[in-house]
Amino acid sequence: MNVDSNEIIISGTINNVMDNNQDYIKFGLTTLKYDKRKVYSSLNINRNLYEIYKDFFVKGTKVFIKGYLNSYSSNNNIKLFITVLDIADNEDELINGRKGPHIRVNPDGVEVWDGKREEAIPMTKEEQREMENLLKDFK
């Protein structure tokens, strides 16, 4: 596996999600250090990637993140955060790639397949008649 020197993989539990109506969604991750002390991380995820995987963004969900370190300076303080490149519920998917599509159901009940809504399209009257004609032998 080739890893960029700025790339990291981190795991932890989602502790908050904040949508500030910009290109990125901010969220927090709680991880444990080797001595069992908690560490709190601030992360940004692109809105489009967030929409694909938003079922992971529930407080208390354990996730694995691949991203890169980012920073900016504010009032002579350096602010560090992680920009997310990928998110999964197991580390193997981040390292070896996904083995299948990501499927979830939106809160409005529509199934989403790899980030694309799979809307049900009602049949036309003609399609209904054709279907009834095909099924008449089974009634």
Side-chain angles (χ1 to χ4, degrees):
M1 173 176 89
N2 292 334
V3 177
D4 183 353
S5 62
N6 199 27
E7 188 176 274
I8 63 164
I9 292 180
I10 187 171
S11 65
T13 305
I14 303 281
N15 61 41
N16 70 9
V17 179
M18 187 177 78
D19 186 349
N20 55 9
N21 294 320
Q22 294 182 7
D23 290 341
Y24 287 88
I25 306 287
K26 292 186 173 295
F27 68 100
L29 196 69
T30 303
T31 60
L32 293 177
K33 289 174 63 171
Y34 63 90
D35 60 1
K36 305 294 184 202
R37 287 189 291 166
K38 291 182 179 179
V39 175
Y40 301 97
S41 304
S42 177
L43 299 95
N44 289 347
I45 185 167
N46 182 285
R47 182 172 297 281
N48 294 333
L49 189 58
Y50 170 82
E51 289 298 325
I52 293 171
Y53 297 110
K54 72 177 169 184
D55 54 326
F56 289 136
F57 292 92
V58 176
K59 189 174 181 177
T61 301
K62 170 96 172 165
V63 293
F64 293 84
I65 307 281
K66 182 175 10 177
Y68 60 92
L69 295 174
N70 218 330
S71 67
Y72 64 93
S73 179
S74 174
N75 298 327
N76 292 328
N77 290 323
I78 296 176
K79 306 287 184 182
L80 296 171
F81 60 94
I82 299 166
T83 299
V84 176
L85 299 173
D86 201 359
I87 184 169
D89 56 2
N90 68 66
E91 187 177 23
D92 184 56
E93 284 189 356
L94 289 183
I95 295 172
N96 299 321
R98 287 184 171 61
K99 295 178 179 43
H102 182 76
I103 303 168
R104 66 178 170 81
V105 177
N106 266 355
D108 62 359
V110 175
E111 193 170 88
V112 179
W113 181 279
D114 274 347
K116 296 179 183 161
R117 290 174 61 91
E118 298 297 325
E119 303 281 354
I121 302 170
M123 290 192 294
T124 64
K125 294 288 184 190
E126 184 178 314
E127 290 171 328
Q128 287 176 351
R129 283 191 296 274
E130 183 180 334
M131 184 64 69
E132 288 171 6
N133 189 33
L134 290 171
L135 296 174
K136 71 180 176 191
D137 294 336
F138 299 99
K139 290 185 178 181

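These figures come from a predicted structure and were not determined experimentally.
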Got more than 12 heavy atoms from elsewhere within 6.0 Å of [atom1], [X]?
X: Asn20; atom1: CG; result: yes
X: Leu134; atom1: CG; result: yes
X: Glu127; atom1: CD; result: yes
X: Asn75; atom1: CG; result: no

> Distance-only, no hydrogens or angles: does the Arg47 side chain make a donor-acceptor pair with backbone N or O of Ile25 under 3.5 Å?
Replying inline: no
From [X] [atom1] over to [Y] [atom2], what is the distance, rounded to the nearest 0.5 angstrom?
X: Leu69; Y: Glu7; atom1: CG; atom2: CD; value: 10.5 Å
X: Ile52; Y: Ile87; atom1: CD1; atom2: CD1; value: 11.5 Å
X: Ile82; Y: Lys66; atom1: CD1; atom2: NZ; value: 14.0 Å
X: Ser11; Y: Leu29; atom1: OG; atom2: CG; value: 7.5 Å
X: Ile8; Y: Tyr68; atom1: CD1; atom2: OH; value: 11.5 Å
X: Thr13; Y: Leu32; atom1: OG1; atom2: CG; value: 7.5 Å

>> Looking at every non-hydrogen atom in both residues, tell me the closest pair between Ile10 and Ser41 and how far apart they are.
In response: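 Result for this residue pair: CD1-OG, 3.9 Å.
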>> Looking at every non-hydrogen atom in both residues, tell me the closest pair between Ser71 and Leu80 and how far apart they are.
In response: CB-CD2, 3.5 Å
> How about Ile65 and Ile9: do any of their side-chain heavy atoms sit closer than 4.5 Å?
Replying inline: no
> According to a 4.5 Å side-chain heavy-atom criterion applied to Ile, Leu, Val, Met, Phe, Trp and Tyr, with indirect links allowed, do Val63 and Val17 form part of one hydrophobic cluster?
Replying inline: yes
>> Do Leu49 and Ile14 land in one hydrophobic cluster if side-chain heavy atoms of ILVMFWY residues count as linked below 4.5 Å?
In response: yes
> Hey, what else clusters with Leu135 if you join Ile, Leu, Val, Met, Phe, Trp, Tyr whenever side-chain heavy atoms sit under 4.5 Å?
Replying inline: Met131, Phe138
> Are any of the side-chain nitrogens in Arg129 or Glu126 under 4.0 Å away from the carboxylate oxygens of its partner?
Replying inline: no
> Taking only residues two or more places apart in sequence, or in another chain, which ones meet Thr30 in a side chain to side chain contact (heavy atoms under 4.5 Å, CB included)?
Replying inline: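 If we apply the side chain to side chain contact (heavy atoms under 4.5 Å, CB included) test to Thr30, skipping adjacent residues, the hits are Asn15, Lys38, Tyr40.
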>> The criterion is side chain to side chain contact (heavy atoms under 4.5 Å, CB included); which residues satisfy it with Glu119, sequence neighbours excluded?
In response: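 Checked Glu119 against side chain to side chain contact (heavy atoms under 4.5 Å, CB included); matches are Val110, Arg117.
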> Among Thr83, Val84, Asp19, whose side chain to side chain contact (heavy atoms under 4.5 Å, CB included) with Tyr24 holds?
Replying inline: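 Exactly one pass, corresponding to Thr83.
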>> Classify the ring geometry of Phe27 against Phe57: parallel below 30°, tilted from 30° to 60°, perpendicular beyond 60°.
In response: perpendicular
>> Less than 6.0 angstrom from the centroid, inside 45 degrees of the normal: does Lys62 satisfy that with respect to the ring of Phe64?
In response: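 Judged by the rule (NZ or CZ under 6.0 Å from the ring centre, within 45° of its axis), Lys62 counts as positioned above Phe64.
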